[in-house]
Amino acid sequence: MTEKEKELAESTGMSKNYKGDPSAMRNFSVIWLPDELNTSFWILFLPPDVTHKEIFALIRNCGRVDVLHLNRERVEEFGKAAAKLVMMTTQGARNIWTLYGPGPNSRRITIRGFTAEVRRNRTRVPQHPDAACPVSRCLKATGPRLFVEETCLLNWLRRSTSIYFDLDEVVKHPNVDEDTTSLTIRFARYTGQADRVFEAFTTSFFTRWPSFQVSFDHDPCA
């Protein structure tokens, strides 16, 4: 991050150590936003090699997730990782805080002997502008068995697009018929990952096949 970007980050409420794009609107802190409307959290004291899948598995039935970003920058210093979690809706954020916040009846996120702590992120993020739309971090692709296959689709994304993405998991569905199959790709983010991949798929050469379809699928965290 350049000195100008650091100044921008700090002026908008972000840490000077923030490594992302401070000019992205979803990264700006809405400083007037009250805690109860903030959808962004930090999950601290996680295993140094924690995976997205491990965290997603523990926050089922809370609400759609917008962002889950793993931060391992200080693992060597503290021996623990952290994760930024941003929910799509205010209600989803309330669910997270009620279940895993500091309350006396709250649960604890425990992964492989590490007991994590959930805190509100000082970068205040409101409900996602797409919250009312049927979108999620999960994409379902249906089409010819020839290329609607995990390795083929993911390799195409890596080689033919500039989209960086993290995965939760890929779920294979029963074949539609002898020539057609489907699968769901669960990304770590809606913003910047699933939304961009949806656009890439729907404007790609795959659409030459009439049976090829892409849609947003159910987020198992919802």
Side-chain angles (χ1 to χ4, degrees), residues 20-21 23-27 39-40 51-70 83-93 95-96 125-222:
D21 178 6
S23 65
M25 289 303 297
R26 191 73 176 145
N27 288 332
T39 62
S40 185
T51 65
H52 293 90
K53 186 177 179 65
E54 286 178 303
I55 299 174
F56 280 127
L58 293 174
I59 57 172
R60 293 287 200 262
N61 305 314
C62 289
R64 287 174 295 163
V65 172
D66 178 25
V67 173
L68 179 61
H69 171 71
L70 302 184
K84 182 176 77 171
L85 173 68
V86 184
M87 304 301 289
M88 287 285 289
T89 67
T90 301
Q91 184 57 56
N95 293 340
I96 290 290
V125 180
Q127 177 167 286
H128 198 287
D130 293 343
C133 302
V135 296
S136 75
R137 64 184 179 88
C138 306
L139 291 181
K140 183 176 182 180
T142 301
R145 294 172 61 186
L146 176 66
F147 59 80
V148 177
E149 186 270 333
E150 178 178 350
T151 301
C152 179
L153 292 181
L154 296 183
N155 282 345
W156 179 83
L157 285 172
R158 292 182 177 112
R159 295 172 181 173
S160 303
T161 75
S162 60
I163 303 170
Y164 174 83
F165 58 89
D166 298 299
L167 289 178
D168 173 9
E169 61 183 344
V170 177
V171 179
K172 182 78 168 60
H173 302 300
N175 292 339
V176 178
D177 54 44
E178 63 180 12
D179 299 316
T180 308
T181 191
S182 66
L183 55 77
T184 294
I185 306 173
R186 295 173 177 168
F187 294 95
R189 305 174 59 126
Y190 164 69
T191 299
Q193 293 188 11
D195 59 346
R196 293 185 63 196
V197 172
F198 177 83
E199 182 179 1
F201 278 156
T202 54
T203 56
S204 72
F205 75 94
F206 294 133
T207 56
R208 297 175 186 174
W209 282 266
S211 64
F212 182 75
Q213 297 179 349
V214 178
S215 60
F216 289 100
D217 205 2
H218 173 73
D219 182 345
C221 293

Scan residues 159-189 for pairs that pass ring-ring contact (aromatic ring centres under 6.0 Å, His included), counting only residues two or more places apart or in two chains.
F165-F187
Check: H218 and C138 side chains under 4.5 Å, non-hydrogen atoms:
no
Spell out, as yes or no, whether a donor-acceptor pair under 3.5 Å connects the side chain of [X] to the backbone of [Y].
{"X": "R145", "Y": "N175", "value": "no"}
{"X": "R186", "Y": "D217", "value": "no"}
{"X": "D195", "Y": "G192", "value": "yes"}
{"X": "D177", "Y": "T180", "value": "yes"}

Using 0.5 Å steps for rounding, measure from the [atom1] atom of [X] to the [atom2] atom of [Y].
{"X": "L139", "Y": "L153", "atom1": "CG", "atom2": "CG", "value": "10.5 Å"}
{"X": "C221", "Y": "N61", "atom1": "SG", "atom2": "CG", "value": "8.5 Å"}
{"X": "T161", "Y": "F201", "atom1": "OG1", "atom2": "CZ", "value": "8.5 Å"}
{"X": "T39", "Y": "M87", "atom1": "OG1", "atom2": "CE", "value": "8.5 Å"}

Applying salt bridge (Lys or Arg N to Asp or Glu O under 4.0 Å) as the test, list every pair that has at least one member in residues 150-168; sequence neighbours left out.
R137-D168
Determine which pairs satisfy salt bridge (Lys or Arg N to Asp or Glu O under 4.0 Å) with at least one residue from residues 198-210, sequence neighbours left out, and list them in order.
none
List the steps, then state whether side chain to side chain contact (heavy atoms under 4.5 Å, CB included) holds for L154 with I185.
CA-CA 9 Å; L154 296 183; I185 306 173; 4.2 Å; yes
Test side-chain contact (heavy atoms from CB on, under 4.5 Å), reference D66, set L85, V86, V125, output is V86
Passes side-chain hydrogen bond (donor to acceptor under 3.5 Å, both in side chains), D219 versus Y190? Steps please.
CA-CA 10 Å; D219 182 345; Y190 164 69; over 6 Å; no
Check: W156 ring centre within less than 6.0 Å of F147 ring centre:
no
